[in-house]
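Counting starts at 1 for both ligands and their atoms, in listed order. These numbers come from a predicted model, not from an experiment.
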Amino acid sequence: MTQNIKIGSLQKQGAKKQPKILFVDHTAVLGGAELSLLDLVTVYGNQSEVLLFSDGALKKTLASRGIPVAIAKASSETLNLRSSGGIKAIKSLPELWWLAGQIRQKAQNFDLIHANSQKAFVTAALATLRGSPPVVWHLRDILTARHFSRLNRSIAIFLANQFATRVIVNSQATGKAFVAAGGKPELVRVVYNGFHSEPFETASLEQAQKIRTQLNIHDVPLVGLFSRLSPWKGQHILLSAIKQLPQVHIILVGDALFGEQEYVSYLKTLADEPELQGRVHWLGFRNDIPPLMKACDIIVHTSTEPEPFGRVIVEGQLAQRPVIAAAAGGALELIEPEKTGLLFPPGDYNALKIQIEKLISDRALGSFLAQQGYISAKTNFSWGTILDSFQKAIS
Ligand code: UDP
Ligand code: GLC
């Protein structure tokens, strides 16, 4: 989706001198945080470098764009430190210190470190103790007990208050949770994700029709859920919702990026139930999101926990499809209910079913929401505007 971005466009435009940034992320899977990072890094081109703590698709994509990328490989114990705390966190300290040394070494020729994940930030903050340049934390998670142990949260907040020059948050909701956990409000800058609308505007109805033909889905309502397969992303909520809507087919686009195989097995068991058989289409991870969205009549977002931002919501709006989202976190900043989309209480599959039914029976409402959603997404989340606010936030 980011193929049309000009690599290193800042340098080529002769824009005012931009800082040299070392971008750091602990993971190389293509989640939303990494797709957003990819867009940012691509602008800075080979004036920047990316340091990852594991190998994967992100590294390949960066390399194919000519962006310098290096790996300081961390163990799986350290990479999986998130909701676990105590002893495990303490055991990881020597490795975190080693990673901090790797960052310091790499960062020598850079003005700034951009930490794209919590683990990247903790390590980069330790690196400042070892003499590396200032660090900006790009916080893309809502810091709650569901996702992070108390110890992990406390350490991250302490280090942010001591060592971060800024904390960029991907929504007001993410910023609020940071402050509620003890983070200093004056560090916070909200920078939403920005999007290039062209891939959505140029995806044609012919392409969409072809996708439906390949899937053997013809004149039936098609609902799309575009998200990695993970319990809190709530694919099971959609499966329960459409049980009582026998005409509806769904596509599940996305993969289990962080090893959630048990959840995938559970979803497959649900989809095998007689009421759902033949109506659930598993597409796995895809790179052609715009035409896939155009092939749908409705896009849904079903997270059961507050979504920090929710790229898929804005993408659904850009694809000019009515979007139904779970009413919590960043989603509330992306959708004005009954105008730019519809909302339902997180986890309430019956309420989701009612919203899907409403759109199926009222096509005019669907068209209205799609049109208003598109205007809102283009106005509020255009790449240029968001890049400006990112540059202001790091200056
Ligand atoms: N996505 C993708 N291929 C897939 C499924 C999802 O490229 O098969 C993209 C999707 O278009 C969106 C991102 O992954 O840009 C997911 O971001 P979001 O903020 O919605 O959720 P996250 O996974 O970051 O929590
Ligand atoms: C994280 C969040 C997601 C957000 C993305 C981009 O992956 O889970 O809600 O859209 O970052 O900032």
How many angstroms lie between atom [atom1] of [X] and atom [atom2] of [Y], to the nearest 0.5 angstrom?
{"X": "Phe258", "Y": "Tyr263", "atom1": "CZ", "atom2": "OH", "value": "15.5 Å"}
{"X": "Glu49", "Y": "Gln47", "atom1": "CD", "atom2": "CD", "value": "12.5 Å"}
{"X": "Leu365", "Y": "Lys358", "atom1": "CG", "atom2": "NZ", "value": "6.5 Å"}

### Query
Taking the non-hydrogen atoms of Glu307, is any one of them nearer than 4.0 angstrom to ligand 1?
yes
### Message
With a cutoff of 4.0 Å, is Phe285 in contact with ligand 1, counting heavy atoms of the residue only?
### Response
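Contact present.
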Run the salt-bridge test on [X] and [Y] with the 4.0 Å N-O cut-off and return the result as yes or no.
{"X": "Lys294", "Y": "Glu206", "answer": "no"}
{"X": "Glu201", "Y": "Lys378", "answer": "yes"}
{"X": "Glu307", "Y": "Lys233", "answer": "yes"}

Just go through [options] and tell me whose heavy atom is the nearest to [atom].
{"atom": "atom 10 (O) of ligand 2", "options": "Gly330, Gly32, Gly310, Ala331", "result": "Gly310"}
{"atom": "atom 23 (O) of ligand 1", "options": "Arg228, Arg140, Glu34", "result": "Arg228"}
{"atom": "atom 12 (O) of ligand 2", "options": "Arg140, Glu307, His138", "result": "Arg140"}

What atoms in ligand 1 come closer than 4.0 Å to a heavy atom of [X]?
{"X": "Gly32", "answer": "13 (C), 16 (C), 17 (O), 22 (P), 23 (O), 24 (O)"}
{"X": "Gly284", "answer": "8 (O)"}
{"X": "Arg286", "answer": "2 (C), 3 (N), 4 (C), 7 (O), 8 (O)"}
{"X": "Leu35", "answer": "7 (O), 9 (C), 13 (C), 14 (O), 15 (O)"}

#### Entry: Distance-only N or O hit between ligand 1 and Val312, under 3.5 Å
yes
### Query
Can an N or O of Glu315 be found at a distance shorter than 3.5 Å from an N or O of ligand 1?
yes
### Task
Look only at interatomic distance and state if Asn170 has a nitrogen or oxygen under 3.5 Å from any nitrogen or oxygen of ligand 2.
yes
Counting only heavy atoms not in [X], do more than 12 fall under 6.0 Å of its [atom1]?
{"X": "Tyr349", "atom1": "OH", "value": "no"}
{"X": "Asp219", "atom1": "CG", "value": "no"}
{"X": "Glu262", "atom1": "CD", "value": "no"}

### Query
Which atoms of ligand 2 have any heavy atom of Arg311 under 4.0 Å away?
10 (O)
### Query
What protein heavy atom sits nearest atom 7 (O) of ligand 2, and how far off is it?
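Result for atom 7 (O) of ligand 2: Ala33 N, 3.5 Å.
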#### Entry: ligand 1 contact on Lys233 by region, counting heavy-atom pairs under 4.0 Å
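Lys233 to ligand 1: side-chain contact only, backbone stays beyond 4.0 Å.
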### Task
Please state which part of Ile289 comes within less than 4.0 Å of ligand 1, counting heavy atoms only: side chain, backbone, both or neither.
side chain
### Task
Decide whether Ile217 and Leu359 are clustered together by the hydrophobic rule: side chain heavy atoms of Ile, Leu, Val, Met, Phe, Trp, Tyr closer than 4.5 Å, transitively.
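Each belongs to a different hydrophobic cluster.
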### Query
Hey, mind stepping through Arg140 and Ser117 against side-chain hydrogen bond (donor to acceptor under 3.5 Å, both in side chains) and telling me if it holds?
CA-CA 7 Å; Arg140 299 174 181 275; Ser117 63; over 6 Å; no
### Query
Where's the contact between Asn193 and ligand 2, heavy-atom distance under 4.0 Å: side chain, backbone, both or neither?
side chain
